[in-house]
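Taking it in order: structure first as structure tokens, then the write-up.
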Amino acid sequence: MRRENMSETPTEAGKEMPTKKQKLSSDENSNPDLSADENDDAVSVESGTNVERPDTPTNTANAPGRKSWGKGKWKSKKCKYSFKCVNSLREDHGQPLFGVQFNWHSKEGDPLVFATVGSNRVTLYECHSQGEIRLLQSYVDADADENFYTCAWTFDTSTSHPLLAVAGSRGIIRVINHITMQCIKHYVGHGNAINELKFHPRDPNLLLSVSKDHALRLWNIQTDTLVAIFGGVEGHRDEVLSADFDLLGEKIMSCGMDHSLKLWTINSERMQKAIHGSYEYNPSKTNRPWVSQKIHFPDFSTRDIHRNYVDCVRWLGDLILSKVRLRIFLFKHIRHILLLGCGSHCDPHNPTPLFCSSPDQSCENAIVCWKPGKMEDDIDRIKPNESNVTILGRFDYSQCDIWYMRFSMDFWQKMLALGNQVGKLYVWDLEVEDPHKAKCTILTLPRCTSAIRQTSFSRDSSILIAVCDDASIWRWDRLR
Amino acid sequence: MSGTSCKANGAVYPASTTVMTTVKKPKMEQIQADHELFLQAFEKPTQIYRFLRTRNLIAPIFLHRTLTFMTHRNTRTNAKRKTFKVDDMLLKVEKMKGEQESHSLSSHLQLTFTGFFHKDEKPSQNSENEQSSVSLEVLLVKVCHKKRKDVSCPVKQVPTGKKQVPLNPDCSNQTKPGSLPSLLVSSNEFEPSNSHMVKSYSLLFRVLRTGRRDMNGLVNGEANENIDVTEVPNRKKRSSAHREDGETTETFVAQMTVFDKNRRLQLLDGEYEVSMQGMEDCPVSKKRATWETILDGKRLPPFETFSQGPTLQFTLRWTGDASDKSTAPVAKPLATRNSDGSSPVESRPSTLKSAPLAVKASVSTDIQMKREQILCEPRQKLRIFYQFLYNNNTRQQTEARDDLHCPWCTLNCRKLYSLLKHLKQSHSRFIFNYVPHPKGARIDVSINECYDGSYVGNPQDIHSQPGFAFSRNGPVKRTAVTHVLVCRPKRTKPSLSEFLESEDGELEQQRTYVSGHNRLYFHSDSCMPLRPQEMDVDSEDERDPEWLREKTATQLDEFTDVNEGEKEVMKLWNLHVMKHGYVPKSCGFIADNQMNQASMQFVEKCGAYIARRNLCRNFLLHLVSMHDFNLVSVATIDRAMSRLRHIQEELPDAGADDQADRALMEGACNGTAIACSSGGGGGTKHGKRTKSSVTD
């Protein structure tokens, strides 16, 4: 599996930078030397954090630094959530399961349904009381070489049947109606594998797909039109790995192997017209072709958050959570918390970019909470050439060196869950005033030792499902 | 009606798996290995063709009779079309209606009972007590439409008669049909009655078997009595009513639908064997049907019924008038097969086999004759040997068939030529070679290695959404594309020689017949399939795509040593050159000497905007720098500036053309136009020529 390629170094992608960006962001960015520099100390709010950092490649397993502060610190802050593993099962194909998604559109009282994808299978399960997981349906792609990476739920606006969109290595999006047990739609167009699918939070017909072909596409699954392609001149320069709509569905944040995160607004007049047009377009009534919008210029772009593949991004209000694969030759251990001060004390006329203070290593093995521009900046008025980002918080974990590991949040965005490559689950409580103080619970099981690719909360947050590389599914029920 | 077997339909032909059976060879292992090889070669294509055969029976995409080599399957003639008049249709319908009325009055449903079969587990103790016949009562059950007040559908039962039916008659000595008890049901009974709208009609057979010799049932004379029995909706009630006091009476019942609720005739002419159900033993509740695994050797009651009994056998015929012409279609074993030839274990007498097909008076006699001919044709027994070649044609197995049915889809081709043609056209996964044989024909079957299973239809159909092309849920609007519907190639006279193996081994014949333009194109910018009607719109037509326009504008904005006025002129100029540039069409600017012309055009197009924005001096600077690079002559500078001045003078009040300006700018750059009233004059000295955006 390509996803397990751990030794792949991303340096090539890192060097290939757009000229414009080089011009804007000063030289410290392209500094290939990965050791901590002075800037780090200067802006780090927490003192003593640097001491703990094992910053040499030689310092590999079981660094003493971890025990000296990490554990104790976590222990002292008790997370208010706790989970218990109630069931686990294994799919017979033995291939990694890359995606799991609960159907959040199901009616209240209906059994909780979730779907897993992996190999050329899509499997639907139902959760029942006492930890029972009931197999509902399984779909197998006719092509044995297909490898599904991702799935997303929506519903049919006319029949309100739940629909499941799946996609993977072949780059074909399939939409499954599990009530009629049919694949009702398929979309061919991406030039390569699809890494993530997302539905618009307010329009169940708008599907966003994120591909290895360096672009994102927005589809209207009601009229089968391709609304827009995001990518090109200023788009991603490598595989796009993840993307997310914000809560109102006005913006898309995407991230990828080119270390960058890009913001694409879709509430612009142009995009709104395109979305409207896609609903009105009827291919059987006109001979005029449907013209997709080609959006070459993101509304904001940064390479300053991460120094590695960014393989997961989620909006948290106006803030963004993003995650990066660890550079394995550098770190293997829990990193420190780095909370950067907000931009209030920064002189707007003397833009000492805040990202200077987050040198190369600081954001590895951590989910970073950040926002474009300075703290006080309105995200909707961000300029494309804005060079500042504000990092607000980090969620640290360990042993997550491989890429294509996704974190997830519950419906109310109170919890954040991520698995690592040895089967540990980290659950953070996001309901804290200061992201710095996010409390963490680590869920471990001696039997679960395989890499957890994705997690999913049920809508009521009572169940957390994790899927692993060994085709196993783990169900954790929340105790409190 | 699950326990009913229809003999007429039960004439099961030998399954196609007979093709697969191996020829016996001495060594068991060798047979096994050989069989394995044989299966390897022929199993998959055979399965595919079996599937296609079934699908074609259920939902045919074409009819065999329309094929040129199957014309004999077409029984219609177009002779009447010449004399056809629209008015005839009315006459015909009227005539038919009148006919039907008179017809229905006289037609009967005739039931001739062969016997009641019931093998007891324990044979009767006293043989003299053994009875030879049972009493049979036939009732016509009319299930009426439910009215609003009714809880369940009202049921009417009309007794049609009682008969003595022989018990376990010896099948070997065939009794004449005439001596068997028979019953007539007038078709009047099936006419809709006034009182209740009848939903469906069914026959209820009730057999009373007593331990005594003397029967309680009456014999004969009660047929066609229209006695309305009080509505008995409950079966249980019925069963108790027929309990003879003290006597050991067994009652068996069975019910068969004659007309279903759509008024479709369910009981066609034929021989029937009905499994009866004892009233005493509680029947299996149908509501809880379950799947069961059949274990070896285990007796399963439902499957034992027809060997054990109790069953009732009878022949059913729909008779017309006194004459023996049947009015209802005869149930044929399967549409693809005729009832002639190899009929399976047929032990009981049948009056059916020779029954002529329903012939309407309207059908001309010569058609009838033709039909008879066709029926006769396959009787000249033609033996066809299929020789299956596999394992690189080193091994073979032979299989003989006595008819001209296709072994894969059981289609009766009726002629050897048609069979060969059909095999060749419809089963192209194999290669068929015809070899004449003294007893008939030999067909060599081998795997077609050159078979191309890829899609030969319209590629648009693959990319359309699932269920759109070839929808089985009803008509859909399909992509408008040219299909070859009718093709009339030059046809050679049908001759068997075309199926002989060719010496030169030409494989041309294996190629599929696809002609015409049959490609799918894709939009170059989105990789989405191009619909045929979009073919005229060229998606690559743009020479200055939007992104490029935006990119130049942003790139210019990044200069720090160029003032805003200069930037604006540069943007306008770049877009101007880009729009007309690269592709020499009307006035493509590709050479240095075209710059004079380009400058003049630029003034014509953007002059007003430049004048209004007070960018004249910036433009002049641009012309001068072009002159420095020997791109424009002094004369051009002169002309351009005078024209610009002219435009400036002509200019109406500022702001009137604001809209036009905005339009121009929107097309020009990403709207970062900065008002630079001051930049017009003074900024010129900051400009650097090297940053000039002339595209030379």
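For Lys294(A), the part lying near chain B is the side chain, with the backbone staying farther off; criterion is any non-hydrogen pair under 4.5 Å. Interface remark: Asn287(A) contributes backbone and side-chain atoms alike to the contact with chain B (heavy atom separation under 4.5 Å). Looking at Ile229(A), the atoms closer than 4.5 Å to chain B (heavy atoms on both sides) all sit in the side chain, from C-beta outward. In this structure, the portion of Val233(A) lying under 4.5 Å from any heavy atom of chain B is its side chain and not its backbone. Contacts of Arg217(A) with chain B are made by side-chain atoms alone, with heavy-atom separations under 4.5 Å and no backbone atom involved.
Summarising the geometry, atom NE2 belonging to His296(A) is positioned 11.0 Å from atom NZ belonging to Lys551(B); distances are rounded to the nearest 0.5 Å. Remark: Arg531(B) CZ to Thr286(A) OG1 distance equals 6.5 Å, nearest 0.5 Å. Atom CE of Met528(B) and atom CH2 of Trp219(A) lie 4.0 Å apart (nearest 0.5 Å).
When all heavy atoms of Trp547(B) and Phe297(A) are compared, the closest pair comes out as O-CZ, 3.5 Å. Of all heavy-atom pairs between Ser292(A) and Ser526(B), the closest is OG-CB, 4.5 Å.
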